[in-house]
Amino acid sequence: MSKKLFIETLGCAMNVRDSEHMIAELNAHGGYELTDDATQADLILINTCSVRERPVHKLFSELGTFNKLKKFDAKIGVCGCTASHLGKEIIKRAPYVNFVLGARNVSKITDVLHRDKAVEIDIDYDESQFAFKDFRSSPYKAYINISIGCDKQCTFCIVPKTRGDEISIPTDLIISEVRKAVENGAKEVFLLGQNVNNYGRRFSGVHEKINFTELLRRVSEVEGLERIRFTSPHPLHMDDEFIEEFARNPKICKSMHMPLQSGSTEILKAMKRGYTKEWFLNRARKLREMVPDVSISTDIIVAFPGESEEDFEDTLDVMRQVKFEQVFSFKYSPRPMTEAEQFTNMVDSEVGSERLSSLQALQDTILDELSSTLLGREFDVYFEELRSDGYVAGRSGNNVLIKVKGSEEHLGQTARVKITETTRLVQYGEIVA
Ligand code: 5AD
Ligand code: SF4
C-alpha cells in the first residue's frame, strides 16, 4: 500500500512550486501519494512563509494540533522560509517534529525523511541545477522557476535571509521544463523568481550572457506554448527593451506585476528600493502607452518606519495616477534579520491600520470604476478551473478573472467571452466563439 502525504502550503508561488517539487520527490523515491486528510497521513509537511509576522506561536499551535490528530507513527516536517529562519529552535520547542527543511533545500526532502531530527537550512545551498521529478497541481498552467534566492536588500524583507543569494537557473534547463510542461498539456507557463528581470546576472557554472528579455524571447519560441506569465519583476529593472518585448511578443500575457511598496521617494530610499516615485510613474506610463489593454498589479506596504501623512499621500497619488487593476496591500511588519527591524521611527499601529483601510477604500472605488468599463467587452479566456456552482473560471491575457456557465470540457481551452455582468473582482460572461 502506498504511503500518504499531507502538505499545507503557505506563502507565495515559489512555495507552491517547492511543494510540487517535494511531492514529486516523495512520490518517486518514497511511493507517497497525496491526501487532504491529515489524520490518514504518514507524513505531514507544513511549507511555511515568513514574509510577514504570522505569530510564531500560531505555527507551534498548528504543529501541536497536527501532533494530536496524526497517526501514531506519522512524521511531521516543517519546510520553507520559517524553517530557514527558526531552524533547530523548531525542534527544541516542538520535539515531536521529525525534521526541519529550509527553502532552497527542498531537494533534500527524501534524505531528511530518514534522518530523525535533521535540520537542513543552508541558504548557500545550490539547487539551481537539481533535476527534480515531475509533479504539477494543475495540468493547464505550469509554474517554472527561473532563479532561486534574491540579491536585493530591501530593508523590510526577510527573503534574502531565508532564500539566500540569487542564482539563475541555466536557460536550457528552463526551456526543457517549458517543453515538458507543454508536452503534458499546459498551454500557459508562469515563470517564477524573486526578481525575474534580474535574470542572467549570476549562474552557478559557466553560462552564455543572457538577460530576462532574451529569456522571454526564447521561451516564446517553444512550439505549442500559448501564454507566458511571470512574477515578480522589479520596477528598477524595467528598461525600455524589456517593456518593448512585453508589448511586442504576442505570447506574453498583458499583465504586469509592479511592486510599488511606497509612492514616497523618501520612503523608497529608506526601503532601499533603488527607484523614485517619478521613475515608477514613468515606467507605468510607458507600459500603458505601449500596451493600452495592460493590467498592472502591485504590492504596497503602509506605515513603514518614518512614513508621514505626506508620504502616505504620495502612495495614494500613485494609485490615483496608475489605477492599478489589483493591489495587494499590507501593514508594515518588522521582520528579524532585516535592516528596518533596527529602525526606531515606528508608525503608531492604529495609524497604520487606518492608512491600510483608507488605501483599500480608494482601491475599491478604482476597481468599481474599472470593472464597470468591462461590460459588453470581449476577451480570450483560458479556462483552468471547474467551480462547484456549474461555472468554469479562467483569465484573459490581461488577467481579468472571468466565469462562464460550463463544464469539464472547457478546461484547458481558450474561448472568446463577452462580459454580461460585472462585479468588483469577478466578471461573468458568455462564450461567443
Ligand atoms: N511587512 C509587510 N509587508 C511585507 N512584504 C514583504 N516584507 C514585508 C514586511 N516586513 C510584502 C511586500 C512584498 C510582498 C510579497 O510582501 O509588499 O512585495
Ligand atoms: Fe515566498 Fe517570501 Fe513567503 Fe518565502 S517569505 S514563502 S519567499 S513570500
Side-chain angles (χ1 to χ4, degrees), residues 7-22 45-56 59 78-86 101-106 121 123 127 143 145 147-166 190 192-196 231-236 256-263 267-268 270-275 280 297-307 315 318-319 324 326-343 346-347 349 352-353 355-356 359-360:
I7 184 161
E8 179 186 336
T9 305
L10 306 164
C12 62
M14 306 288 284
N15 258 23
V16 173
R17 185 64 184 138
D18 285 347
S19 285
E20 289 181 344
H21 279 152
M22 290 191 284
L45 294 180
I46 309 185
N47 196 3
T48 58
C49 170
S50 56
V51 77
R52 278 169 296 279
E53 191 194 17
R54 179 181 187 254
V56 170
L59 169 66
V78 179
C79 316
C81 288
T82 307
S84 304
H85 159 214
L86 293 179
L101 185 64
R104 196 186 172 119
N105 286 258
V106 296
I121 55 168
I123 62 163
E127 282 190 323
Y143 284 124
N145 289 344
S147 60
I148 60 173
C150 182
D151 268 359
K152 294 277 170 214
Q153 296 193 334
C154 302
T155 55
F156 53 80
C157 189
I158 194 175
V159 175
K161 297 290 193 300
T162 63
R163 289 189 177 268
D165 290 345
E166 189 171 318
F190 216 124
L192 297 180
Q194 295 300 333
N195 184 359
V196 286
T231 201
S232 286
H234 194 296
L236 177 64
M256 184 78 88
H257 190 57
M258 281 185 78
L260 169 66
Q261 311 302 359
S262 168
I267 296 297
L268 287 168
M271 289 175 161
K272 293 206 174 143
R273 291 288 291 170
Y275 53 86
F280 188 95
S297 58
T298 196
D299 292 344
I300 296 176
I301 299 176
V302 300
F304 185 78
E307 185 187 75
T315 299
V318 174
M319 287 173 65
F324 297 105
Q326 199 172 15
V327 173
F328 301 93
S329 52
F330 315 99
K331 189 164 124 179
Y332 171 68
S333 156
R335 306 307 299 123
M337 307 184 283
T338 61
E339 212 180 314
E341 191 203 9
Q342 309 298 325
F343 295 176
M346 288 291 286
V347 173
S349 172
S353 304
R355 286 183 188 165
L356 191 61
L359 180 153
Q360 286 167 348

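Numbering of residues begins at 1 and proceeds along the displayed sequence. Counting starts at 1 for both ligands and their atoms, in listed order.
The proximity of Val51 to ligand 1, defined as any non-hydrogen pair under 4.0 Å, involves the side chain as well as the backbone. Looking at Pro259 against ligand 1, nothing comes within 4.0 Å, counting heavy atoms. The parts of Val51 lying near ligand 2 are both backbone and side chain, judged by heavy-atom distances below 4.0 Å.
Between atom 4 (Fe) of ligand 2 and Cys81 there is an N/O/S contact shorter than 2.8 Å.
By the 4.0 Å heavy-atom criterion, Glu53 is excluded from the residues contacting ligand 1. For the pair Gly80 and ligand 2, no heavy-atom separation below 4.0 Å is found. Under a 4.0 angstrom heavy-atom cut-off, Met14 registers as lying outside contact with ligand 2.
Taking every non-hydrogen atom of Val159 and a distance limit under 4.0 Å, the qualifying atoms of ligand 2 come out as 2 (Fe), 5 (S), 7 (S). Against a heavy-atom cut-off of under 4.0 Å, Asn15 is close to the following atoms of ligand 2: 6 (S). If you number the atoms of ligand 2 from 1 as listed, the ones under 4.0 Å from a heavy atom of Cys49 come out as 3 (Fe), 5 (S), 6 (S), 8 (S). Listed by number with element, the atoms of ligand 1 under 4.0 angstrom from any heavy atom of Phe330 are 3 (N), 11 (C), 14 (C), 16 (O), 17 (O). The Gln194 neighbourhood of ligand 2 comprises atoms 7 (S), with distances under 4.0 Å to a heavy atom of that residue. Of all atoms in ligand 2, listed by their number and element, those nearer than 4.0 Å to a heavy atom of Cys12 are 1 (Fe), 6 (S), 7 (S), 8 (S). The contact set between ligand 1 and Lys331, taken as ligand atoms under 4.0 Å from a residue heavy atom, comprises 2 (C).
Of the protein's non-hydrogen atoms, the one nearest atom 7 (S) of ligand 2 is Arg163 NE, 3.0 Å. Atom 18 (O) of ligand 1 has its closest protein heavy atom at Asp299 OD2, 2.6 Å.
Around atom 4 (C) of ligand 1, the closest heavy atom drawn from Ile158, Thr338, Ile301 belongs to Ile301.
Taking the side chain as every heavy atom from C-beta outward, Arg54 and Thr48 never approach each other to under 4.5 Å. Residues Gln153 and Pro160 have side chains not in contact (no heavy-atom distance under 4.5 Å, counting atoms from C-beta outward). Using a 4.5 Å cut-off on side-chain heavy atoms (C-beta onward), Pro259 and His234 make no contact.
The structure places CD1 of Ile158 at 9.0 Å from OG of Ser333, a figure rounded to the nearest 0.5 Å.
Relative orientation of the Phe328 and His257 rings is perpendicular, given thresholds of 30° and 60° on the angle between their planes. Relative orientation of the Phe343 and Phe304 rings is perpendicular, given thresholds of 30° and 60° on the angle between their planes.
Residue-to-ligand polar distances place Gln261 within reach of ligand 1: an N/O pair is separated by less than 3.5 Å. Considering backbone and side-chain atoms alike, Phe156 places an N or O below 3.5 Å from some N or O of ligand 1. Polar contact with ligand 1: absent for Arg335 (N/O pair, distance under 3.5 Å).
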